[in-house]
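Just so it is clear, the structure is predicted and the values come from calculations on it, not from any experiment. In listed order, ligands and their atoms are each counted from 1.
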Amino acid sequence: MFDPIIALATPPMKGALAVIRISGDNVLEIVQKCFKGKIKETHQVSYGYIVDPITHEKIDEVLLTYFKGPRSYTGEDSIEISCHGSMLIVDQIISLFLSQGIRMAERGEFTSRAYFNGRIDLVQAEAVNEMINSETKEAKQLALYSLTGETSSLLTPIKNSLADILSLIEVNIDYPEYEDIEVVTEEKIENDVGSILSTLNEIIKEGESAKIIKDGIKVALVGRPNVGKSSLLNALVNEEKAIVTSIPGTTRDIVEGKINLNGLVINLLDTAGIREADNEVEKIGIDRSRKSIEDADLVILVLEADRITDEDIILMKMIKDKKSITIYNKKDLVDKLDEDKIYISAKDKDISRLLNEIKKMFSLDKINELSPSLCSAREIGLLKKAQQDLIQALDENKMGLSLDLVSIGIKAAYDDIKNILGEEISVDLSSEIFARFCVGK
Ligand SMILES: Nc1nc2c(ncn2[C@@H]2O[C@H](COP(=O)(O)OP(=O)(O)OP(=O)(O)O)[C@@H](O)[C@H]2O)c(=O)[nH]1
Ligand SMILES: [Mg+2]
């Protein structure tokens, strides 16, 4: 039983229309009391007025759709009201229904109801938010795969194989007298669990590359003062965003920009040139530059094509453990170019070599081949936990530990996979055993 909830589904601002959503027990009766007109059968649009049942005051002329559960977004009886898009009208309508015993929905409550009512799994529920927040068509495509259930079905073969091997182990332990049951040998565990693990490894690898596409990357432009970091930011965003002067130490605070490179959102951070500074403001800026190196997914170290200084060498050491690209700016100042180095001229917006390098690094030409991927931090975290559990089971199997000990890791992996989908974790596997074997027939 779910108490009825209400919320504005469209943005809280003036517009042609606003949509108010109501879901829960008895919504049809409650809304009908406040609606002048007859609410039609499910999935049909009804025309009429929202009216205060006590004062009979007409509040707005609306279109209203009734969705009888379970064929609704939440899986329960729901109603959507399209009213005129004024916040005053929206407030009046919502207040009216609050006075009728409906309560305001909490954030995400419509989607969480869809999950608790079993209409969608947890991967699909997360995808609703990802659809709304996606900034590129690639990120939206990944979210859509999850919303339609295609992503969740990646786990079906793993889940089935884990249940198969667990059932077999349990039968071997509990019913040793059955002769027609396959004996679980160390070799069988090694083969079956090994093959599940390699499928899992593949899914994790795909998920991690898709996560980059979905979330974008943070790229810090760093270097000593005056090498042309701000000029590079401006060339990348194609806008005079950061101040550029010939005075070293021009940039003090971080300047941010955003570009979409072949579908990958790149969040750029132009930083203060790093050097030994006396000026208090500049020092704070330099601390921020250092911090941005730590936070970045990729560091672009900008050097000058015509000279390398001791400060540059220090910076090279500072970023040696980070994913980085070193570029030589001001290529117009040198005659001879070294084949192995990436030269650009930020001032002349000649930056294609750098863009190509980023595309290569993140395989951006393959982005069109997007496929369903488990790529949220929660999903990848649980997949990795399952991976560890299976590795442990395989190690224990190799060490010759008993079947019931080896099965602990396999069972943990099975629960991790169920957790990804938000399925209930059954402590007792017996129902699944009986679904697979005719034990005791
Ligand atoms: N010749 C030449 N000059 C450039 C190029 N790119 C930038 N500059 C010049 O280099 C100077 C410094 O540029 P900025 O972009 O402000 O350098 P920065 O690295 O941001 O410097 P700070 O903010 O002080 O750390 C300016 O006079 C730019 O016009 C280039 O490709 N060629
Ligand atoms: Mg600058």
Engineer: Run the numbers for me: atoms of ligand 1, each under 4.0 Å from some heavy atom of Lys229, listed by number.
Structural biologist: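 With Lys229 as reference, the close atoms of ligand 1 come out as 15 (O), 17 (O), 18 (P), 19 (O), 20 (O), 21 (O), 22 (P), 25 (O).
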Engineer: Can you name the nearest heavy-atom pair linking Leu122 to Asn419, along with the distance?
Structural biologist: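 Closest approach of Leu122 to Asn419: CD2-O, 4.1 Å.
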Engineer: Going by distance only, is there an N or O of Thr271 that falls short of 3.5 Å from an N or O of ligand 1?
Structural biologist: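 There is no such contact.
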Engineer: Below 3.5 angstrom, do we get any N/O pair linking Lys331 and ligand 1?
Structural biologist: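 N/O-N/O distance below 3.5 Å does not exist for this pair.
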Engineer: Would you say Ala272 and ligand 1 have an N/O pair spaced under 3.5 Å apart?
Structural biologist: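 No; the residue has no nitrogen or oxygen that sits under 3.5 Å from a nitrogen or oxygen of the ligand.
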Engineer: How far apart are the C-alpha atoms of Gln387 and Asn201, what are their side-chain angles, what is the distance that settles it, and do they pass the side chain to side chain contact (heavy atoms under 4.5 Å, CB included) test?
Structural biologist: CA-CA 7 Å; Gln387 185 184 43; Asn201 291 343; 2.8 Å; yes
Engineer: Please state whether the rings of Phe67 and His43 are parallel, tilted or perpendicular, taking 30° and 60° as the class boundaries.
Structural biologist: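 Perpendicular.
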Engineer: Look only at interatomic distance and state if Gly273 has a nitrogen or oxygen under 3.5 Å from any nitrogen or oxygen of ligand 1.
Structural biologist: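 Between Gly273 and ligand 1, an N or O pair is found under 3.5 Å apart.
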Engineer: Relative to ligand 1, is Ile344 under 4.0 angstrom through side chain, backbone, both or neither, heavy atoms considered?
Structural biologist: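 Ile344 to ligand 1: no contact under 4.0 Å from either part.
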Engineer: Distance under 4.0 Å to a non-hydrogen atom of Thr245: what atoms of ligand 1 satisfy this?
Structural biologist: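 Checking each atom against Thr245, I get 11 (C), 12 (C), 13 (O), 16 (O), 26 (C), 27 (O).
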Engineer: Taking Glu61 for its side chain and Tyr49 for its backbone only, find out whether a donor-acceptor pair lies under 3.5 Å.
Structural biologist: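 Absent.
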Engineer: Give me the atom names and distance for the closest heavy-atom approach of Val27 to Pro4.
Structural biologist: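 In terms of heavy atoms, the two residues are closest at CG1-CB, 4.0 Å.
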Engineer: Let's go through Tyr328 and Glu304 carefully: what are the C-alpha distance in whole Å and the side-chain angles of both, what is the deciding distance for side chain to side chain contact (heavy atoms under 4.5 Å, CB included) to 0.1 Å, and is it a yes or a no?
Structural biologist: CA-CA 5 Å; Tyr328 295 80; Glu304 278 175 316; over 6 Å; no
Engineer: Could you tell me whether Lys322 atom NZ has more than 12 heavy atoms of other residues or ligands within 6.0 Å of it?
Structural biologist: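 Above 12, so yes.
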Engineer: Under 4.0 Å from a heavy atom of Ser246: which atoms of ligand 1 are those, numbered in the order shown and with their elements?
Structural biologist: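 This gives 27 (O) as the contact atoms.
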Engineer: Can you find an N or O of Val244 that's nearer than 3.5 Å to an N or O of ligand 1?
Structural biologist: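 In this structure, Val244 places no N or O atom under 3.5 Å from an N or O of ligand 1.
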Engineer: Any N/O/S atom, backbone or side chain, of Thr251 lying under 2.8 Å from the Mg ion (ligand 2)?
Structural biologist: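 Thr251 does place an N, O or S atom closer than 2.8 Å to the Mg ion (ligand 2).
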Engineer: Does Glu256 form a side chain to side chain donor-acceptor pair (under 3.5 Å) with Asn267? I'd like the steps, not just the answer.
Structural biologist: CA-CA 7 Å; Glu256 295 188 38; Asn267 296 297; over 6 Å; no
Engineer: Do any nitrogen or oxygen atoms of Val227 come within less than 3.5 Å of a nitrogen or oxygen of ligand 1?
Structural biologist: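 Indeed, backbone or side chain, Val227 has an N or O that close.
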Engineer: Please state which part of Asp348 comes within less than 4.0 Å of ligand 1, counting heavy atoms only: side chain, backbone, both or neither.
Structural biologist: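 Under 4.0 Å from ligand 1, Asp348 contributes no heavy atoms.
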Engineer: Does the cation-pi check pass for Arg113 over Phe2, that is, NZ or CZ under 6.0 Å from the six-membered ring centre and within 45° of its axis?
Structural biologist: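 Verdict for Phe2: no cation-pi partner in Arg113.
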Engineer: Is there an N/O/S atom in Ser231 that lies less than 2.8 Å from the Mg ion (ligand 2)?
Structural biologist: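 Of the N, O and S atoms in Ser231, none lies under 2.8 Å from the Mg ion (ligand 2), which means no.
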Engineer: Ligand 1 and Arg224, any nitrogen or oxygen pair closer than 3.5 angstrom?
Structural biologist: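 N/O-N/O distance below 3.5 Å does not exist for this pair.
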Engineer: Is it true that Pro248 lies under 4.0 Å from ligand 1, counting heavy atoms only?
Structural biologist: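 For ligand 1, residue contact (heavy atoms, under 4.0 Å) with Pro248 is present.
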Engineer: Answer yes when Asp297 and Lys323 have at least one side-chain N-carboxylate O distance shorter than 4.0 Å, and no when they do not.
Structural biologist: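 Not counted as a salt bridge, because no side-chain N and carboxylate O are separated by less than 4.0 Å.
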Engineer: Using heavy atoms and a threshold below 4.0 Å, how should the contact between Asp332 and ligand 1 be classified: side chain, backbone, both, or neither?
Structural biologist: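 The answer is the side chain of Asp332.
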Engineer: If you measure every N/O of Thr251 against every N/O of ligand 1, is any gap under 3.5 Å?
Structural biologist: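 Checking ligand 1 against Thr251, an N or O pair does fall under 3.5 Å apart.
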